Amino acid sequence: MKILFQGDSITDADRNREDYHDLGNGYPKYAAKYIKEYFDGMDFEFIDLGISGNQTIDLVNRLESDFIDIQPDIVSILIGVNDTWHHAADKSWIDNAKFEENYRTVLEAIKTKTNAKIVMIEQFLLPAADKEFFREDLDPKVQITRKLAREYADLYIPLDGILAAACVNTDWQTFSADGVHPTYGEGADFIGHIYADYVAEIIEQVNSEQK
């Protein structure tokens, strides 16, 4: 079963880009670990094509080579925080309609040109004081992501909400030093575990369909 992780630096996590089977130090490494524990004996191919700094437009530009040509059984996408962050300094926010158009283009291509199950992961922001104003742009785009998930996703992981809940009883810096990038220990492990727990049902569904 071929599982493709897609996104930005949170997915990239210092992976070796010469080897797309290298899962870096982020949540894909931990997700793969837990998935293999849950499905002992099942054969998996894990591919990480996240690229640091990517925004939704970059996924559009990588559609053919990094989505369609891979033909995964499951593709997960975590994208969107850079669509806010990279335009935050002067608040030259990307128009919400353009954000939706970019993301929709990616999802539509996956839906029509592959047989992959689509897992969408919500972009998130932890309460770092220097980034609190990101919410002005991020929150409407999270709502767009949720809207697109209702149209396209086989599974949605509401990570912004999950992390908000986790931070009630745990210092948020346990999960991320800057509010965006998960710590390579506990933060990445926490997200990887959540990922595996959610995606298990999709793996079971794909496995059943392939038999």
Side-chain angles (χ1 to χ4, degrees), residues 1-39 42-56 58-83 103 106-107 109-111 113-124 145 148-149 152-160 162-163 175-176 180-185 187-203 205-207:
M1 189 177 301
K2 188 184 293 185
I3 299 178
L4 170 63
F5 300 96
Q6 268 290 7
D8 51 34
S9 57
I10 301 168
T11 304
D12 184 330
D14 293 324
R15 69 183 178 87
N16 175 10
R17 295 189 191 172
E18 300 302 312
D19 175 12
Y20 67 22
H21 293 119
D22 184 281
L23 302 179
N25 298 301
Y27 76 89
K29 178 177 78 171
Y30 294 96
K33 168 181 174 281
Y34 290 118
I35 287 170
K36 286 187 286 188
E37 288 177 2
Y38 293 170
F39 296 93
M42 190 180 292
D43 187 25
F44 291 98
E45 179 184 8
F46 297 102
I47 297 173
D48 187 342
L49 286 173
I51 296 181
S52 182
N54 267 198
Q55 302 176 55
T56 51
D58 298 298
L59 298 194
V60 173
N61 294 334
R62 298 199 280 123
L63 259 175
E64 201 64 40
S65 61
D66 290 2
F67 287 85
I68 311 307
D69 289 353
I70 302 297
Q71 288 295 312
D73 296 299
I74 298 171
V75 57
S76 68
I77 305 172
L78 172 51
I79 199 71
V81 72
N82 288 330
D83 289 69
Y103 211 152
V106 173
L107 296 166
I110 296 168
K111 204 77 169 179
K113 296 182 179 180
T114 80
N115 292 316
K117 302 293 185 185
I118 298 173
V119 177
M120 291 175 63
I121 307 173
E122 188 169 273
Q123 64 268 52
F124 63 88
T145 302
L148 290 170
Y152 290 98
D154 295 284
L155 182 71
Y156 187 70
I157 304 178
L159 198 52
D160 194 44
I162 291 170
L163 284 167
F175 302 110
S176 172
V180 171
H181 298 95
T183 51
Y184 282 168
D189 185 284
F190 179 84
I191 295 172
H193 209 161
I194 293 292
Y195 183 103
D197 287 347
Y198 269 79
V199 174
E201 64 178 270
I202 295 295
I203 292 172
Q205 183 180 346
V206 172
N207 187 47

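Please read these numbers as outputs of a predicted model, since none were measured by experiment.
- Only one option out of Phe175, Phe124, Phe190 pairs with Pro182 in a side chain to side chain contact (heavy atoms under 4.5 Å, CB included); it is Phe124.
- The shortest distance between side-chain heavy atoms of Val106 and Val60 falls below 4.5 Å.
- Once rounded to the nearest 0.5 Å, the distance linking OG1 of Thr183 with CG of Asn25 reads 11.5 Å.
- By the side-chain contact (heavy atoms from CB on, under 4.5 Å) test, Asp154 pairs with Lys111, Lys117, Ile118, Ile202, sequence neighbours left out.
- Here Arg17 contributes atom CZ and Asp12 contributes atom CG; the two are 4.5 Å apart, rounded to the nearest 0.5 Å.
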Query raised in the report: Stepwise, does the side chain to side chain contact (heavy atoms under 4.5 Å, CB included) test hold for Met120 with Ile157?
Result: CA-CA 6 Å; Met120 291 175 63; Ile157 304 178; over 6 Å; no
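- Applying the 6.0 Å contact sphere to CG of Asn115 captures no more than 12 heavy atoms from other residues, nucleotides or ligands.
- Counting only distance, with no hydrogens or angles, the side chain of Thr114 and the backbone of Ile68 share no donor-acceptor pair below 3.5 Å.
- When Phe5, Phe46, Tyr30, Tyr34 are each tested for a ring-ring contact (aromatic ring centres under 6.0 Å, His included) with Tyr195, only one passes: Phe5.
- Atom OH of Tyr198 and atom NE2 of His193 lie 13.0 Å apart (nearest 0.5 Å).
- Under the side chain to side chain contact (heavy atoms under 4.5 Å, CB included) rule, Asp8 has a single partner from Asp58, Val81, Leu59, which is Val81.
- Taking the side chain as every heavy atom from C-beta outward, Ile70 and Leu49 approach each other to under 4.5 Å.
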Query - side-chain hydrogen bond (donor to acceptor under 3.5 Å, both in side chains) between Tyr103 and Asp83, intermediate numbers included - result: CA-CA 11 Å; Tyr103 211 152; Asp83 289 69; over 6 Å; no
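- Residues Pro28 and Ile10 approach most closely at CD-O, 4.5 Å, considering heavy atoms.
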Query raised in the report: Given Thr11 and Ile121, is the side chain to side chain contact (heavy atoms under 4.5 Å, CB included) satisfied, shown in steps?
Result: CA-CA 11 Å; Thr11 304; Ile121 307 173; over 6 Å; no
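- Contact record, Ala196 with Ala31: CB-O, 4.1 Å, taken as the closest heavy-atom pair.
- Between Asp14 and Tyr184 there is a side-chain heavy-atom pair separated by less than 4.5 Å.
- Taking CD1 of Ile203 as the start and CZ of Phe44 as the end, the distance is 4.5 Å to the nearest 0.5 Å.
- Met1 and Val206 make their closest contact through CE-CG1, 3.8 Å (heavy atoms, listed as atom of the first residue, atom of the second, distance).
- Side-chain contact check for Tyr156 versus Thr145: some heavy-atom pair is nearer than 4.5 Å.
- Here salt bridge (Lys or Arg N to Asp or Glu O under 4.0 Å) pairs that include residues 63-80, with residues two or more places apart or in two chains, are Arg62-Asp66.
- One finds the CD1 atom of Ile47 at 12.0 Å from the CD1 atom of Ile74 (value rounded to the nearest 0.5 Å).
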Report task. Go through the steps to decide whether Arg15 and Ile51 satisfy the test side chain to side chain contact (heavy atoms under 4.5 Å, CB included), and finish with yes or no. Result -> CA-CA 9 Å; Arg15 69 183 178 87; Ile51 296 181; 3.8 Å; yes
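- The number of heavy-atom neighbours closer than 6.0 Å to NZ of Lys36, taken from other residues, nucleotides and ligands shown, is 12 or below.
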**Report entry** Lys29 vs Lys33, side chain to side chain contact (heavy atoms under 4.5 Å, CB included): CA-CA, chis, key distance, verdict
**Finding:** CA-CA 6 Å; Lys29 178 177 78 171; Lys33 168 181 174 281; 6.0 Å; no
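- Across Lys113 and Gln71, no two heavy atoms sit closer than the pair O-NE2, 2.9 Å.
- The heavy-atom pair separating Asp22 from Gly24 by the smallest distance is OD1-N, 2.9 Å.
- Side-chain contact check for Ile110 versus Ile77: some heavy-atom pair is nearer than 4.5 Å.
- Considering CD1 of Ile194 and CG of Asp189, their distance stands at 10.5 Å, rounded to 0.5 Å.
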